[in-house]
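For reference, the structure is listed below as structure tokens.
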Amino acid sequence: MPQESGFPPPKRFKGGSPLFTFPRRPAMQAGTPRKPPTVPLEVQRRQLPIFHARPQLLAQLRGLESAILIGETGSGKTTQIPQYLYECGIGRQGIIAVTQPRRVAAISLATRVSEEKKTELGKLVGYTVRFEDVTSDETRIKFLTDGMLLREAIGDPQLRKYSIVILDEAHERTIHTDVLFGVVKMALKKRKELGKVPLKVIVMSATMDVDLFSQYFNKAPVLYLEGRQHPIQIFYTKQSQSDYLQAAVVTLFQIHQEAPFSQDILVFLTGQEEIEAMAKTCRDVVKHLPDDSPQMAVMPLYASLPHSQQLRVFQTAPTGHRKVILSTNIAETSITIAGIKYVIDTGMVKAKKYNPGSGLEVLAVQRVSKAQAWQRTGRAGREDSGMCYRLFTEAEFEKFDSMTVPEIQRCNLASVMLQLLAIRIPNILTFDFMSKPSPDAIRAAIEQLSLLGAVEKKEDQILLTSLGRKMAAFPLDPRFSKTILLSPKFHCTEEILTIVSLLSVDNVLHNPPSRRDDVQAVRKKFISSEGDHITLLNIYRAFKTLGKNKEWCRENFVNGRNMMLVSEVRSQLRDICMKLSMPIESSRTDTGNIRQCLAHGLFMNTAELQPDGTYATIDTHQPVAIHPSSVLFHCKPACVVYNELLHTSKCYMRDLCLVDADWLFEAAPDYFRRKMELERDAWAGPRADTELCAESGVRRQARLEEPDAE
DNA sequence: GAGCACTGC
């Protein structure tokens, strides 16, 4: 029977009575060391639950064209299946590909399997991820990111190198996996039609989406694998919680007072600010607990945290301290921490939604799906039995969506559509997606590509232009590929390459909230009144000339590790330019032509200052604001282009560049002329009074240049 | 007037 914990809530939290009653359980010896794994690899392989299923599994897989493999975590499917297939000679005519959504997974799996096969990594077993290709002619089992296989498909739509493609972690439904489903399905069909070496497709997933996967791959049989997950007890709150943060703190301290300090706790929260605030609260509350209470090592965990601080979560807490990790959903899949006994799930996540109509991305705190909640729960039972405290009622849980909406239905599809065209999909409008994006989203993407000159419409067909084909060569958003391709005209390719690379790496700058003033003071020397792009360029130049030492990076709040990544991206992009025989020049001290080039690539993302001091986009007259992270935050530039709009508390423009209105009109006269005509038609109607609005710079420019202006 | 979930090529 459950027992009252008797934990008195910390005084500062009003109404914070215990949310859960604790089950009785035997007292644990504190600090019991875990058994080191000394079992030989070969024996370990035989101990996996999947080993017993090997004969039947192989017998079935041998005969099947495609199969869905459902296996719980710990079944060993990802490491064993490729080896089993190879060992018994299935798929010997080619390479066995195993895709992963994340780089680290591809690398560590390849390392593990090569150890099990007692071969050097890169020989029989290898991996390919961006910037790293550890394979050779001997490679027969190849782990790669799904994005990488997609890129390979541009050069070889039938994936002829491969005899078997295993799509792992399919339940995560990343945009790349979803596109690959279609590409692989097409390759399979095509190779069969042409009488070539057949392709075998194996979709591996946790226990979700089974029917959908099976239906999609021509009713492929579903094979189930037993897992080796430890039991996890789940607790729900009795009442609905209006304040999940307070509920989390109360529950955390309830467990903290009750459980041996050697048992770690993982709390799922939604973002940096929330996590840092709760970390502070926890550290404060601990000070006021009775002297015999265990200490607490509170560790925040989120992606923008510098890598060195992320690594802290893997260290054991000092003696007498309990490890408490406050994390975003990064700990759901990307980072696995050993020894978690308790999971506290707020049931909330910060996630992006996309509205194709307005092209607006909304970043909002929302409910997790059931699948996500189960994934979080699973983090408690990796080495031993665990407990999961859900800060919502069971009735509420039943109302959660069963699955997270696949990424492909939440994204701008311009990049995906361009890739599909480059893979020579016969008709991208009817592409066989497992979960179709909305027609609006597809239309918006094609419209964007058409404005960039990447596609043209011919008799209901969408065709890739030669410019579009060049754009597809870059691993970038089409707007940035276009900007690079335009840069020779403005003699600033070196600078544009730097800027685009900086923009495609996250967290180049470090902004610890506690040192806001120091950050601002030190950034001053780099700031350009021309906007964020030029400011970033200044920082990169400083980094290149004096900054490769750690001291400089620390003093200037620059993330050195990510800066090195920027220069890797840059050299990759530069190589692509060279292959396309582009002249690569530097504009040196002139920034005007850099901004002009950016204006030509980003003309779709223009906003203008309104008479009342606010901003509105040219495109849809959406009211927008300058993001506080921008160097132009306190300024009132008349006309800017921006990288993206993100709706949080307001609709913010991020990464701004000051531009001249006439550059924009030069960049896309048809686009702005059409916008004008549309508006003129609107004015002719009952809304004629809106003509009293201040005339925008771009519009004025359009009027001046329009050949048939009144 | 005041803020940035997570991947990947």
Side-chain angles (χ1 to χ4, degrees), chain A residues 99-106 128-133 144-155 169 172-180 268-276 301-305 327-335 346 348-353 361-366 368 372 375 404 407 410-411 415-416 418-419 422 472-478 480-481 501 504-513 516 519-520 532 565 568-569 572-573 576 613-615 625-630 633-636 643-655:
Chain A
T99 70
Q100 292 294 318
R102 284 168 293 279
R103 295 166 52 93
V104 274
T128 307
V129 296
R130 189 180 187 181
F131 308 127
E132 255 187 292
D133 181 11
L144 69 178
T145 46
D146 43 20
M148 202 68 217
L149 186 60
L150 209 51
R151 200 133 274 279
E152 286 189 8
I154 294 179
E169 308 285 9
E172 287 191 26
R173 305 294 305 272
T174 69
I175 195 159
H176 290 149
T177 315
D178 263 37
V179 177
L180 267 182
F268 283 103
L269 297 164
T270 68
Q272 170 178 349
E273 209 178 306
E274 200 173 277
I275 286 169
E276 293 294 352
L301 180 62
Y302 45 86
S304 61
L305 200 65
S327 176
T328 59
N329 46 349
I330 194 171
E332 233 169 73
T333 48
S334 307
I335 293 181
T346 56
M348 304 305 279
V349 66
K350 198 181 282 185
K352 213 184 247 180
K353 292 189 242 177
E361 293 178 322
V362 182
L363 187 62
V365 172
Q366 48 198 297
V368 296
Q372 236 174 328
Q375 178 67 29
T404 311
E407 200 184 355
R410 290 185 284 128
C411 273
S415 192
V416 164
L418 185 64
Q419 256 181 331
F474 292 93
L476 294 170
D477 181 296
F480 294 124
S481 314
S501 307
S504 61
V505 173
D506 279 337
N507 310 313
V508 166
L509 305 178
H510 183 212
N511 298 306
R516 196 163 290 182
V519 173
Q520 269 187 344
D532 300 302
L565 196 60
E568 260 189 297
V569 173
Q572 186 190 24
L573 299 179
I576 298 169
T614 64
Y615 284 85
I626 299 177
H627 194 278
S629 67
S630 172
F633 183 55
H634 290 287
C635 312
K636 292 253 178 239
N643 285 359
E644 60 168 1
L645 284 184
L646 189 63
H647 199 118
T648 49
S649 61
K650 264 190 208 166
C651 190
Y652 284 110
M653 300 178 274
R654 288 175 67 181
D655 298 311

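Lettering of chains follows the sequences in order, A, B, ..., and the numbering in each one begins at 1.
Relative to the side chain of A:Lys636, the nucleotides B:dA5, B:dG8, B:dG1 differ in distance, and B:dG1 lies closest. Out of B:dG3, B:dG1, B:dC9, the shortest distance to the side chain of A:His634 is found at B:dG1. Closest approach to the A:Ala303 side chain among B:dG3, B:dC6, B:dA2 is made by B:dC6 (side chain taken as heavy atoms from C-beta onward). The side chain of A:Pro628 sits closest to B:dG3 out of B:dA5, B:dG3, B:dT7. Of the candidates B:dG1, B:dT7, B:dA5, B:dT7 carries the atom nearest the A:Asp506 side chain, counting heavy atoms from C-beta on.
Defined by atom type and a distance below 3.5 Å, a donor-acceptor pair is missing between the side-chain atoms of A:Asp477 and A:Ser415. With hydrogens and angles left out, the side-chain atoms of A:Thr174 and A:His176 include no donor and acceptor closer than 3.5 Å.
Regarding A:Glu169, its CD atom lies at a distance of 15 Å from the C1' atom of B:dC6, rounded to whole Å. When the P atom of B:dG8 is taken as reference, atom CZ of A:Phe480 falls 19 Å away, rounded to whole Å. Between the NE2 atom of A:His647 and the P atom of B:dA2 there is a distance of 14 Å, rounded to whole Å. Rounding to whole angstrom units, CG of residue A:Leu645 and P of B:dG3 are separated by 16 Å. In this structure, the CD1 atom of A:Ile154 is 18 Å from the P atom of B:dG8, given to the nearest Å. The CZ-P distance, from A:Arg173 to B:dT7, rounds to 20 Å in whole Å. A:Lys650 has its NZ atom 8 Å from the P atom of B:dG3, to the nearest Å. In this structure, A:Ile175 places its CD1 atom 14 Å from P of B:dC9, rounding to the nearest Å.
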- Item | Audit row: A:Glu273, A:Lys350, salt bridge (charged side-chain N to carboxylate O under 4.0 Å, His left out) steps and yes/no | CA-CA 12 Å; A:Glu273 209 178 306; A:Lys350 198 181 282 185; over 6 Å; no
- Message: As a quick check of understanding, evaluate side-chain hydrogen bond (donor to acceptor under 3.5 Å, both in side chains) for A:Asn507 and A:Ser304, giving each step before the final call.
- Response: CA-CA 6 Å; A:Asn507 310 313; A:Ser304 61; 4.5 Å; no
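For A:Arg103, a side-chain nitrogen or oxygen approaches OP1 or OP2 of B:dC9 to under 4.0 Å. Between A:Tyr652 and B:dG3 there is a side-chain N or O to OP1 or OP2 distance below 4.0 Å. Note on A:Thr145: a side-chain N or O is less than 4.0 Å away from OP1 or OP2 of B:dC9. For the pair A:Thr328 and B:dC6, the criterion of a side-chain N or O lying under 4.0 Å from OP1 or OP2 is met.
Using a 4.0 Å heavy-atom cutoff across all strands shown, A:Leu363 reaches at least one base atom of the nucleic acid. Contact annotation for A:Val365: no contact, since no heavy-atom pair falls under 4.0 Å across all strands. Counting non-hydrogen atoms under 4.0 angstrom, A:Thr333 reaches nothing in the nucleic acid. Note on A:Arg102: only backbone sugar-phosphate atoms sit closer than 4.0 angstrom, heavy atoms only; bases stay farther off.
Between A:Val104 and A:Ser334 there is no side-chain heavy-atom pair separated by less than 4.5 Å. Within the 4.5 Å cutoff, the side chain of A:Gln372 has heavy atoms near those of the A:Asn329 side chain.
Between the side chain of A:Arg516 and the base of B:dG3 there is at least one donor-acceptor pair of N/O atoms closer than 3.5 Å.
With centres under 5.5 Å and a plane angle under 30°, the ring of A:Phe633 is stacked against the base of B:dG1.
The residue among A:Ser504 and A:Leu646 whose nearest nucleotide of DNA chain B lies closer to the 5′ end is A:Leu646.
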